[in-house]
Participant: 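Please read through the structure below; I'll follow up with questions.
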Amino acid sequence: MHAPKRSIGLIDCNNFYASCERVFRPDLNHQPIIVLSNNDGCAVSRSNEAKALGIKMGVPLFKISDLVREHGVHVFSSNYPLYADMSNRVMAILREYSPVQEVYSIDECFLDLTGFHDIDQRARQIRDRVFRETSISVCIGIGASPTLSKLSNFVAKRHPRSQGVFNFNLLNNKQQESVLKNIPVEEIWGIGRQLTKALDVIGIQTALQLRTADISSMRKRFGIVMEKTVRELRGEACIELTESAPAKQQIITSRSFGQPVTEIEELQDALAHFISTSARKLRAQHSCAALLQVFIMTDRFREDQPQYCPSLALPLMTPTASSMTLQRYAVAALAAMFRPGYCYKKAGVILSEIFPETQFQGDMFAGAPDDPSLMATLDQINARFGKGTLKLSQDGSRRSWQMRQDRKSPEYTTNWAELPVCR
DNA sequence: TCTCCGATTAGAC
DNA sequence: CTAACGGTCTAATCGGAGA
């Protein structure tokens, strides 16, 4: 007896960040748009028109400035509060269509559609409803495994004839083969640049060739991940959907600076801010951390300048989630590492060795532990009155290090103060 | 020789 | 005018240290 064939759906928003920007700027429909990464560095989302101009994913803005000027490409800084809010709206709608949802990233989610009647029809309903209620268009791929659902999503995106929905399960073997033959291996989930190169060496270039490769020799040569990928291509679901995200094992906050930083005070201010962000995330998942790592670095692209990229790991005797305690350690680490005379371009903090907070509460022999109620109060006030209402004195008084965001749209859906006013 | 651990690699978005 | 290239996260694997 083998398991009945499953129908996994993968719903992916089209050009998500660019689409979010267009929801509130309908005048930009049919115009080329790009959205930039942090610090206005690289293009990370492009409307179809921008793709048609040849703007590649991840290209730095300065390399396409001519193209942008000549074709009047509309350029936006990333507006995460807006994208996160739009994402929540889309995901809430999708959740209504299956008892099993895994939100995989800000713009895509898996739905287990196994057992539903007329799945194609249901997928089209989902797509129409999401567009009607959010103005975001999505494509839906369906397959017997998560890998096949991703692959089907790729087909749905690439072929307009599919009208945004492609169900691999409806194909006979001959049709499956002709689809897989036309998909290059690098489009398969889990096959990145390095594996593509290594597979090419042994003559595997298409999804069909990978599906028919010998499992045990693929495993021996490439490891367990590859074995699962091959099995999934054959319709055997090896990757389980996980509905609730497990607590993070590691929390990183790091940023490139808007301009080079030379003074220790500015780095201190930035690190204090990064600690606040990380510690808040830590408390939100009811954890505490036993290891703090701090790093600062110069600009690796400036080969003409001296480079210095120190980092320091501080094991914490008592695990903590207190912003104050962590800030003190971070400042001490910085003092130990800092060397004057360098142009620093980036810094960050890493919290790891993360445990549930309860595990370390009420140890009366550990000396004076951090008082969690102080941080809880701070979090509550900020939740009620807005991010940054109350913060510690180290954090964020100096702004020279902040990232560039010259072209950010208003936070239309989450901030009254940024709503454009009609007059 | 086996096991554990930190560092490195690869991938996703 | 110039200079300008992102941020988080996980899992697997590797290689050395210590049992």
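Hydrogens, waters and symmetry mates are skipped; everything else that's a heavy atom, side chains included, is used. Chain letters run A, B, ... following the sequence lines, proteins first, then strands; residues in each count from 1.
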Participant: Establish, yes or no, whether a centroid distance under 6.0 Å links the rings of A/F338 and A/Y344.
Facilitator: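 Yes - the distance between ring centres of A/F338 and A/Y344 falls below the 6.0 Å cut-off.
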Participant: Considering every strand and a 4.0 Å limit on heavy-atom distances, what is the contact class for A/N38: base, sugar-phosphate, or nothing?
Facilitator: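 The residue A/N38 makes sugar-phosphate contact but no base contact.
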Participant: List the atom pairs, with distances to 0.1 Å, where a side-chain N or O of residues 310-317 of chain A and a protein N or O form a donor-acceptor pair under 3.5 Å, not counting sequence neighbours.
Facilitator:
none

Participant: Under 4.0 Å, heavy atom to any atom of DNA chain B: which of residues 187-198 of chain A qualify?
Facilitator: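 Those residues are A/I188, A/W189, A/G190, A/I191, A/G192, A/R193, A/Q194, A/L195.
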Participant: Both distances under 3.5 Å, Watson-Crick or G-U wobble: on that basis, could you give the dot-bracket string for DNA chain C, with [ ] for crossing pairs and | for other-strand partners?
Facilitator: ......|||||||||||||
Participant: Going 5' to 3' along DNA chain B, which are the first and last nucleotides with any atom under 4.0 Å from a heavy atom of chain A?
Facilitator: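 Range of nucleotides touched by chain A: B/dA10 to B/dC13.
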Participant: If we take the P atom in both B/dC13 and C/dC5, what is their distance in whole Å?
Facilitator: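 To the nearest whole Å, 25 Å.
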Participant: Heavy atoms under 4.0 Å, any strand shown: does A/S65 hit a base, just sugar-phosphate, or nothing?
Facilitator: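 Nothing: the residue A/S65, judged by heavy atoms under 4.0 Å, touches no strand.
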Participant: Contact class for A/I251 (heavy atom, under 4.0 Å): base, sugar-phosphate, or nothing?
Facilitator: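 The residue A/I251 makes sugar-phosphate contact but no base contact.
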Participant: Contact class for A/D40 vs. all strands (heavy atom < 4.0 Å): base, sugar-phosphate, or nothing?
Facilitator: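 Counting heavy atoms under 4.0 Å across all strands, no contact is made by A/D40.
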Participant: State, yes or no, whether a side-chain contact exists between A/R211 and A/Q176 at a heavy-atom distance under 4.5 Å.
Facilitator: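 Result yes, sub-4.5 Å side-chain heavy-atom pair found.
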Participant: Which residues in residues 254-262 of chain A have a heavy atom closer than 4.0 Å to any atom of DNA chain B?
Facilitator: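 Of all residues in residues 254-262 of chain A, none places a heavy atom under 4.0 Å from DNA chain B.
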Participant: Rounded to the nearest 0.5 Å, how far does CD1 of A/I140 lie from CD1 of A/I11?
Facilitator: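 It is 5.0 Å, given to the nearest 0.5 Å.
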Participant: Which sits closer to the 5' end of DNA chain C, A/I252 or A/F62, going by the nucleotide each is nearest to?
Facilitator: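 The answer here is A/F62.
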Participant: First contact, last contact: which nucleotides of DNA chain C are these for chain A, 5' to 3', heavy-atom distance under 4.0 Å?
Facilitator: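 First and last nucleotides in contact are C/dA3 to C/dT13.
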Participant: What's the separation between atom CD in A/Q101 and atom CG in A/D112, rounded to the nearest 0.5 Å?
Facilitator: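 Atom-to-atom, A/Q101:CD and A/D112:CG are 11.5 Å apart.
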Participant: Does A/R129 come within less than 4.0 Å of A/E133, counting only side-chain N to carboxylate O?
Facilitator: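 The answer is yes: the pair qualifies as a salt bridge.
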Participant: Is the terminal nitrogen or CZ of A/R122 (NZ for Lys, CZ for Arg) located under 6.0 angstrom from the six-membered ring centre of A/F116 and within 45° of that ring's axis?
Facilitator: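 Relative to the ring axis of A/F116, which defines the angle, A/R122 lies inside both limits.
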